[in-house]
Amino acid sequence: MSVRTLPLLFLNLGGEMLYILDQRLRAQNIPGDKARKVLNDIISTMFNRKFMEELFKPQELYSKKALRTIYERLAHASIMKLNQASMDKLYDLMTMAFKYQVLLCPRPKDVLLVTFNHLDTIKGFIRDSPTILQQVDETFRQLIEIYGGLSAGEFQLIRQTLLIFFQDLHIRVSMFLKDKVQNNNGRFVLPVSGPVPCGTELPGLIRMFNNKGEEVKRIEFKHGGNYVCAPKEGSFELYGERVLKLGTNMYSVNRPVETHMSGSSKNLASWTQESIAPNPLAKEELNFLARLMGGMEIKKPSGPEPGFRLNLFTSDEEEEQAALTRPEELSYEVINIQATQDQQRNEELARIMGEFEITEQPSPSISKGDDLLAMMDEL
Amino acid sequence: MVAADLEGLHEPAVRRADLGLRVHWCVLPFRVLLVLTSHRGIQMYESDGSTMVYWHALDSGDATPVQAVFARGIAASGHFICVGTWSGRVLVFDIPAKGPNIVLSEELAGHQTPITDIATEPAQGQDCVADMVTADDSGLLCVWRSEPVFTLLTCIPGFGVPCPSVQLWQGIIAAGYGNGQVHLYEATTGNLHVQINAHARAISALDLAPDVGKLLSAAEDTFVHIWKLSRSPESSYIEAAPLL
């Protein structure tokens with residue numbers, strides 16, 4: 001497994017999350033200044049220096065469940081609140097979108113261009129906030145420094161690590177189904193037409209050479225696909241045309257953001273199986289989460305800013321329905337933070353943040369790992 | 001047929017969601033062993049999978065924190081089993097006719113980047129004939145002779161893309177590359193004789209039917225192709241023709 005995969009996974013999933021939230025904020029007619037505040041808060045939490053430092057340390061990928069906890073925290077970094085059903089749907093959409101992008105990357109290295117597409121659009125969301133812009137640029141430079149020099153073989157390993165993470169995820173996304181890039185069984189359609197990747201020749205030719213390297217014979221054959229020459233290569237610099245469209249905002253045209261929840265019991269069932277299977281890495285995952293969350297600075301709101309709830313479904317009834325069909329095992333004991341009572345909320349947040357710091361608590365019988373497990377159970 | 005099912009593995013040494021779990025039947029003169037590689041090490045089982053006869057833990061001593069440590073690439077050569085590693089070293093294990101007294105007899109140097117695949121074929125009965133090819137992430141191919149000792153005969157440089165799969169047949173090296181090409185080289189000279197623009201995406205695997213000289217290539221472009229390998233009657237240069 002590549003130990004350099006986590007930053008790419010996190011930033012791309014985060015980018016998709018922001019695209020979806022941006023679209024839902026507009027669809028729900030949330031006032032412009034509130035919407036901007038939500039996005040600014042989430043982005044500035046995501047690109048916080050301490051958080052990024054932890055993220056970029058060489059480490060293995062952890063489970064989808066562990067990662068989902070991070071995004072749930074991120075989504076609640078501002079005055080917006082999401083119910084469990086909406087959070088589920090958000091995470092489903094995020095993961096399927098990035099899975100699609102990774103699968104369709106022409107070359108393994110192109111996952112970096114996908115990341116840059118996400119970052120370019122994120123910079124567009126916060127173009128009026130120079131401090132946050134600086135944070136994002138800093139991360140951009142770090143990406144270029146670390147990934148710019150990796151070989152094709154190392155990118156292939158990263159690609160495989162990502163695909164293993166997404167294995168067996170076949171949630172149907174209505175937009176993908178409509179565009180016919182996903183089949184009814186949840187599998188993505190791999191195109192056999194279009195441009196070949198940069199550095200690849202058009203298939204269909206056999207050349208034969210003698211001992212001196214001179215061509216002595218050639219045969220052309222029908223390949224079966226319908227490919228055209230590669231376009232020019234996208235830019236891997238801080239600014240530049242990326243050429244590749246994967247990773248750009250596919251929600252920018254006002255399209256309804258739905259997942260097909262019919263047949264969802266099958267989807268959620270496979271989700272559940274993985275979630276409740278005893279995970280030998282549970283302790284390591286919790287340590288990782290604790291470190292990452294420790295680096296997350298959740299801003300205290302200035303003044304009595306009233307919060308609001310975002311719904312990922314098209315109606316409240318749909319959201320309630322989805323909540324009912326959620327398997328029991330997936331329900332976390334979540335503290336319901338009432339956004340209207342700011343005093344209480346600040347105290348609650350401070351308490352949660354405090355709990356995530358690893359403190360040496362005297363416990364005669366249980367180990368530190370069990371402490372963290374107990375803490376997570378209490379949440 | 002062996003299917004590597006990650007869910008079913010409960011060996012403490014093999015982690016769940018392990019990458020690069022490769023499996024290979026190694027046919028040796030007096031026994032068949034099932035060999036598994038992973039990021040922890042190398043396991044060898046009796047051919048019915050009943051007993052593990054040998055476990056080799058990978059030495060990650062030289063690895064920097066950013067390097068992935070794993071074994072990849074398995075082939076049998078005479079009474080040896082060769083396994084590639086992340087460092088480019090090829091481990092050579094001496095296998096007795098029966099029993100678990102397997103010994104790591106040497107480490108072959110020749111590659112600087114992780115090994116992707118190893119191919120062998122029985123020596124054709126002549127002297128100085130190449131009977132093993134190793135490939136790596138940089139696309140470099142090393143050509144070896146195993147008798148009387150493992151000797152590096154020649155190297156075929158890469159060109160910036162990994163070589164995920166390699167086959168050896170009657171002195172012909174078939175190599176599949178990350179840019180979708182299949183190359184055929186003369187093993188004795190290392191000269192390129194055939195270049196096939198076979199696929200629009202990276203080649204995942206090559207397989208060869210030795211009795212009929214047919215080569216199969218599978219790639220991430222969803223296509224599988226079959227090629228007929230032969231030698232020109234006049235010049236005896238390697239040739240290839242598309243079959244499927």
Side-chain angles (χ1 to χ4, degrees), chain A residues 1-4 57-61 63 103 106-108 146 151-161 164-165 167 190-213 215-225 227 273 277 279-281, chain B residues 6-7 12 15-20 39 64-70 113-114 116 136-139 158-164 177-182 184 186 189 191-202 219-225 227 232 235 237-244:
Chain A
M1 297 259 242
S2 173
V3 290
R4 288 191 258 231
K57 287 187 181 154
Q59 60 199 305
E60 306 271 356
L61 284 189
S63 68
L103 267 173
R107 305 169 299 179
I146 294 176
S151 69
E154 281 164 310
F155 273 113
Q156 177 68 347
L157 202 64
I158 288 173
R159 177 186 165 83
Q160 286 173 347
T161 311
I164 286 181
F165 181 82
Q167 194 165 4
L190 297 175
V192 293
S193 58
V196 289
C198 295
T200 297
E201 302 281 339
L202 281 178
L205 179 64
I206 306 179
R207 299 169 70 201
M208 287 167 265
F209 308 94
N210 63 14
N211 270 332
K212 299 199 207 81
E215 187 180 309
V216 294
K217 193 168 166 188
R218 54 167 54 195
I219 303 178
E220 286 183 20
F221 64 93
K222 276 223 144 344
H223 171 71
Y227 293 101
Q273 241 172 356
N279 186 354
L281 298 175
Chain B
L6 296 171
E7 293 288 333
R15 229 185 76 180
R16 207 169 156 255
D18 210 343
L19 178 75
H39 89 302
T64 65
V66 291
Q67 268 175 312
V69 171
F70 54 85
T113 54
T116 49
D136 74 20
D137 259 353
S138 73
F159 45 93
V161 287
C163 175
Y177 291 91
N179 68 346
Q181 282 185 334
V182 174
L184 302 179
E186 187 67 63
T189 59
N191 288 340
L192 173 69
H193 282 280
V194 181
Q195 182 180 301
I196 314 178
N197 294 344
H199 292 278
R201 294 285 190 278
E220 291 195 30
D221 63 355
T222 76
F223 285 96
V224 166
H225 283 296
W227 318 92
S232 149
S235 59
Y237 290 147
I238 306 167
E239 297 190 328
L243 290 181
L244 184 70

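Order of the sequence lines sets the chain letters (A, B, ...), proteins ahead of strands, with each chain counted from 1.
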Applying a strict 4.5 Å limit to non-hydrogen atoms, the region of A:Leu205 in contact with chain B is both
Smallest heavy-atom separation, B:Ala68 atom then A:Leu157 atom, equals CB-CD2, 3.7 Å
Looking only at heavy atoms, the pair that brings B:Ile196 and A:Phe221 closest together is CG2-CE2, 4.1 Å
Note: B:Pro65 and A:Pro58 closest approach over all heavy atoms is O-CB, 3.6 Å
Heavy atoms of B:Pro242 and A:Ile219 approach each other most closely as CD-CG2, 4.3 Å
Whatever's closer than 4.5 Å to a heavy atom in chain A on B:Thr222 counts as side chain
> Angle class for the B:His225/A:His223 ring planes (parallel below 30°, perpendicular above 60°, tilted otherwise)?
Replying inline: tilted
Okay, B:Glu186 and chain A: the region with an atom under 4.5 Å from a heavy atom over there is neither
Under 4.5 Å to a heavy atom of chain B? For A:Lys217 that would be side chain
The interface call for A:Pro195 against chain B, heavy-atom contacts under 4.5 Å, is backbone
Distance col, row B:His199:NE2 vs A:Tyr227:OH, nearest 0.5 angstrom, shows 10.0 Å
With chain B, the option among A:Leu103, A:Val192, A:Ile146 that has the most non-hydrogen atom pairs under 4.5 Å is A:Val192
side-chain contact (heavy atoms from CB on, under 4.5 Å) with A:Met208: of B:Leu184, B:Leu192, B:Val194, only one passes, and it is B:Val194
Honestly, the part of A:Arg4 sitting under 4.5 Å from a heavy atom of chain B is side chain
Exercise. In sequence, state the C-alpha distance, the side-chain angles, and the governing distance for A:Arg159 and B:Glu220, and then conclude on side-chain contact (heavy atoms from CB on, under 4.5 Å).
Key: CA-CA 12 Å; A:Arg159 177 186 165 83; B:Glu220 291 195 30; 2.7 Å; yes
Between A:Thr200 and B:Asn179 the two heavy atoms that sit nearest each other are CG2-O, 3.1 Å
A:Glu215 atom CD, over 12 foreign heavy atoms within 6.0 Å
yes
Heavy atoms of B:Ala200 and A:Pro203 approach each other most closely as N-CG, 3.9 Å
So, the part of B:Asn191 with a heavy atom under 4.5 Å from chain A: the answer is side chain
